[in-house]
Structures are given as structure tokens and as C-alpha cells.
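Heavy atoms only: backbone and side chains are in, while hydrogens, waters and symmetry mates are out. Note that the numbering runs from 1 along the sequence shown for the chain. It should be emphasised that the depicted structure is a prediction, and the values quoted were computed from it without experimental measurement.
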Amino acid sequence: VQLQASGGGLVQAGGSLTLSCAASGRSFSNYALGWFRQAPGKEREFVAYINWYGSNTDYADSVKGRFTISRDNAKNTMYLQMNSLKPEDTAVYYCAASVSGLIYQTSNYRYWGPGTQVTVSS
């Protein structure tokens, strides 16, 4: 499966953005999906996870209550609604698919797309 994240941009602190991750391939609905982010000089970190059906989600503590992950299998698309953005949310955001093992580990995801930049100004 091929993934493409979009929707990043520049936003002021307290603002909102919605990221999308469009996937190609007929098996999209079979895959669990995740969002990760990488800030300059830092390792890529887990942000959010959603299972194949969308019935189970999980979030990093740093975004819990502010971000919402969702998916539309009919459209082969996953979303990340980001509210109350903070400067520390500034990073390149990546979507990933097909996890085996711990959902928080980047190495456990098989497919990755190019990231989209999110910049939050103070």
C-alpha cells in the first residue's frame, strides 16, 4: 500500500489543523494505521493509532484530549484532527500502516508515506 499525508501548514498556537492520509491499494481496510511525528533533532515518535475497523484508538499522552484519529475505509483515507495546537507540536507528521507488535514503535509498521510539515507559531 502507498500512503500520502497532506494537510500540514502554518498555524498559530491554539489553532487547529486536519491532516489526511490517502492510501492506494485494495487492502487499506485490513490495516491498522498510525500517525507519527518527528521534530528537528529528535527521533520519530508515536502520535496516534487506529485499528482496521476504527473501533479502537490510542494516543500519546502529549496529544490526548487534543488530537483525534479517524478513518474512512470507503475513501481509503485516515485523518488526524488536531486542536489546541502548541508550538511543541511542530514537526513533520507521517502516516504508517500495517503494524505488527507494539503500536508505539516505528519499526513495527510496514508502510510509510512521506510526511507533511506542521508548524505552530507562538
Side-chain angles (χ1 to χ4, degrees):
V1 63
Q2 292 183 325
L3 305 171
Q4 179 66 57
S6 62
L10 174 64
V11 63
Q12 288 188 333
S16 299
L17 277 177
T18 300
L19 304 183
S20 298
C21 176
S24 63
R26 293 177 294 177
S27 301
F28 174 82
S29 60
N30 293 336
Y31 294 133
L33 304 169
W35 285 100
F36 288 76
R37 66 186 182 187
Q38 188 166 17
K42 295 187 177 182
E43 293 187 351
R44 193 170 299 187
E45 65 175 6
F46 169 78
V47 175
Y49 159 88
I50 189 166
N51 70 343
W52 70 275
Y53 190 65
S55 58
N56 185 32
T57 59
D58 201 1
Y59 299 90
D61 288 342
S62 59
V63 307
K64 203 168 292 185
R66 300 187 297 122
F67 290 11
T68 303
I69 189 172
S70 62
R71 67 190 294 167
D72 185 339
N73 287 340
K75 295 182 178 180
N76 279 11
T77 304
M78 171 178 66
Y79 306 96
L80 186 67
Q81 174 67 45
M82 305 186 295
N83 298 326
S84 302
L85 283 162
K86 305 175 181 180
E88 50 263 45
D89 294 319
T90 295
V92 177
Y93 283 71
Y94 299 88
C95 55
S98 186
V99 59
S100 177
L102 293 176
I103 63 173
Y104 316 107
Q105 292 184 350
T106 58
S107 59
N108 290 341
Y109 286 78
R110 182 176 180 183
Y111 303 108
W112 291 85
T116 184
Q117 176 72 48
V118 172
T119 303
V120 184
S121 63
S122 56

Tightest non-hydrogen contact, residues Ala97 and Leu3, listed as N-CD1, 3.8 Å

Using side-chain contact (heavy atoms from CB on, under 4.5 Å) as the criterion, list what pairs up with Ser70, not counting sequence neighbours. Tyr79

Could you report the tightest heavy-atom contact between Phe28 and Asn73, atom names first, then the distance? CE2-OD1, 3.3 Å

Using modelled atom types only, decide if a donor and an acceptor are shared between the side chain of Arg66 and the backbone of Ser84 within a distance under 3.5 Å. yes

Which residue pairs satisfy the disulfide (SG to SG under 2.5 Å) criterion with at least one member in residues 38-85, sequence neighbours excluded? none

For ring-ring contact (aromatic ring centres under 6.0 Å, His included), just list the numbers for Phe36 and Phe46, CA-CA rounded to whole Å, side-chain angles, deciding distance to a tenth of an Å, and then say yes or no. CA-CA 5 Å; Phe36 288 76; Phe46 169 78; 5.8 Å; yes

Asp58 side chain to Tyr104 side chain, donor-acceptor N/O pair below 3.5 angstrom: yes

Inter- and intrachain pairs under disulfide (SG to SG under 2.5 Å), touching residues 81-122, at least two apart: Cys21-Cys95

I need the Ser62 OG to Asp89 CG distance, nearest 0.5 Å. 7.0 Å

Hydrophobic cluster membership, with links at side-chain heavy-atom distances under 4.5 Å among I/L/V/M/F/W/Y: are Tyr94 and Met78 in one? no

Do the numbers put Arg71 on top of the ring of Trp52, so that NZ or CZ is under 6.0 Å from the six-membered ring centre and no more than 45° off the axis? no

Does Val1 share a hydrophobic cluster with Val99, counting links as ILVMFWY side-chain heavy atoms below 4.5 Å and allowing steps through other members? no

Sequence neighbours excluded and cut-off under 3.5 Å, please list the side-chain donor-acceptor pairs for residues 113-122, or say none.
unit_1, atom_1, unit_2, atom_2, d
Thr116, OG1, Gly8, N, 3.1
Gln117, NE2, Ala91, O, 3.4
Gln117, NE2, Thr119, OG1, 3.3

My understanding is that only residues two or more places apart in sequence, or in another chain, count here; which of them pass salt bridge (charged side-chain N to carboxylate O under 4.0 Å, His left out) with Glu88? none

Not counting sequence neighbours, which residues clear ring pair (Phe, Tyr, Trp, His ring centres under 6.0 Å) with Tyr31? List them please. Tyr111

Ser100/Asn108 under side-chain hydrogen bond (donor to acceptor under 3.5 Å, both in side chains): CA gap, chis, key distance, verdict: CA-CA 5 Å; Ser100 177; Asn108 290 341; over 6 Å; no

Output the distance between atom CG (Asp72) and atom OG (Ser29), rounded to the nearest 0.5 Å. 11.0 Å

Is it true that Tyr59 and Trp35 fall in one hydrophobic cluster, defined by side-chain heavy atoms closer than 4.5 Å? yes

Any Gln38 side-chain heavy atom under 4.5 Å of Glu45 side chain: no

Using a 3.5 Å distance criterion without hydrogens, assess whether the side chain of Ser55 forms a donor-acceptor pair with backbone atoms of Tyr53. no

Gap between atom CD1 of Ile103 and atom CD1 of Ile50 - 0.5 Å precision: 11.0 Å

Look at the side chain of Asn51 and the backbone N and O of Asn56, then say whether any donor-acceptor pair between them is shorter than 3.5 Å. yes

Indicate yes or no: does Asp61 engage Lys64 in a salt bridge with an N to O separation below 4.0 Å. yes

My understanding is that only one of Leu19, Thr68, Val63 makes a side-chain contact (heavy atoms from CB on, under 4.5 Å) with Met82; could you say which? Leu19

ILVMFWY network linking Leu85 to Val47, side-chain heavy atoms under 4.5 angstrom: yes

Work out which heavy atom in Ala22 is nearest to a heavy atom in Thr77; give both atom names and the distance. CA-OG1, 4.3 Å

Considering only heavy atoms from C-beta outward, does the side chain of Tyr49 approach that of Leu33 to under 4.5 Å? no

Scanning both residues in full, the closest heavy-atom pair of Trp112 with Tyr109 reads NE1-O, 3.3 Å

